[in-house]
Amino acid sequence: MKIESAKYLTSAVKSSDFISDGIEFAFVGRSNVGKSSFINSLLGKKIARTSSTPGRTRMINYFLINNSFRFVDLPGYGYHKAGKQNILLWSTLMEDYLKECKCLKRVFMLVDIRHKPSELDKDMLAYLTYNAIPFKIVATKADKIAKSKVGNYVKIIAKELNVMPLNILAYSSETLLNKDKILDIIENDINI
Ligand SMILES: Nc1nc2c(ncn2[C@@H]2O[C@H](COP(=O)(O)OP(=O)(O)OP(=O)(O)O)[C@@H](O)[C@H]2O)c(=O)[nH]1
Ligand SMILES: [Mg+2]
């Protein structure tokens, strides 16, 4: 699929702001895992705000692609170190979105290829599975490891998450590894 156009549409801060018709793809994962960078790299445009500070995306941001479907950048989850304390980052807005959205075609769940998935990642995957939400797991930041090790890291993540390695696609927002495969998945979903 070719990205012809992409523009910021609107943001949601509460569930009554959610859009109720059309087609959406959403992106979930630990804060700082690279969701906004993933969106930007797919679109070939710096449209979603990225940051090295965890918890950057607090609202739900909608982007309109090819005047036909939307990307939904969701707040991340995880633990944020503040001094000696670990503060849980968990967005009830993200939870409400997953519960209430009517337009979701697929969730891309991002994990860092270098790290074992967290308990929160496992909870997220269980949630998607239980609610029969189609998903694809994206193991991002693949540029940070040697090419020859990518397959092994994917296998480790698959084992931890108890899914087949086929359900996981290695990705890099820097090198654009597998960008065409992700766009193919989206195109297929739209045409179903
Ligand atoms: N090397 C490398 N760095 C990446 C990649 N993807 C993201 N990053 C970096 O990781 C940091 C976090 O990226 P974001 O895209 O802002 O992460 P996010 O998941 O949207 O974070 P929140 O909005 O806080 O939940 C930034 O410094 C990015 O430049 C990647 O594929 N490779
Ligand atoms: Mg973000």
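Atoms within each ligand, like the ligands themselves, are counted from 1 in listed order.
From I47, atom CD1 reaches atom CD1 of I39 across 9.0 Å, with rounding to the nearest 0.5 Å.
The closest heavy-atom contact to atom 32 (N) of ligand 1, among the options L177, D143, L176, comes from D143. In this comparison of S36, S37, G29, A142, the heavy atom closest to atom 6 (N) of ligand 1 sits on S37. In this comparison of A170, G34, G78, the heavy atom closest to atom 17 (O) of ligand 1 sits on G34.
The Mg ion (ligand 2) has an N, O or S atom of S36 under 2.8 Å away, backbone or side chain.
Taking a cut-off of under 4.0 Å to the non-hydrogen atoms of K144, the atoms of ligand 1 that pass are 1 (N), 2 (C). Every atom of ligand 1 is numbered from 1 in the order shown, and the set under 4.0 Å from a heavy atom of T140 is 31 (O). Close approach of ligand 1 to G76 (heavy-atom distance below 4.0 Å) involves ligand atoms 25 (O). Those atoms of ligand 1 that come under 4.0 Å of a heavy atom in E174, given as number and element, are 1 (N), 2 (C), 31 (O), 32 (N).
Using modelled atom types and a 3.5 Å distance limit, the side chains of Y171 and S41 yield a donor-acceptor pair. In this model, no donor atom of one side chain and acceptor atom of the other lie less than 3.5 Å apart for N40 and S37.
At a threshold of 4.0 Å, the pair K105-D189 does not count as salt-bridged, since none of the basic side-chain nitrogens sits closer than that to a carboxylate oxygen. Contact check on E174 versus K141 returns no salt bridge, with no Lys/Arg side-chain nitrogen under 4.0 Å from an Asp/Glu carboxylate oxygen. Salt-bridge check for D184 with K181: failed, with every basic side-chain N at 4.0 Å or more from each acidic carboxylate O.
Remark: distances from the non-hydrogen atoms of S172 to ligand 1 include one below 4.0 Å.
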Quick one, D96 with S15, criterion side chain to side chain donor-acceptor pair (under 3.5 Å). Give me CA distance, side-chain angles, the key distance, then yes/no.
CA-CA 6 Å; D96 287 349; S15 52; 4.6 Å; no
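Some N or O of K35 is nearer than 3.5 Å to an N or O of ligand 1, by distance alone. In terms of polar-atom proximity, defined here as any N/O pair under 3.5 Å, R49 makes no such contact with ligand 1.
Classified by interplanar angle (parallel below 30°, tilted 30° to 60°, perpendicular above 60°), the ring pair F108/F27 is parallel.
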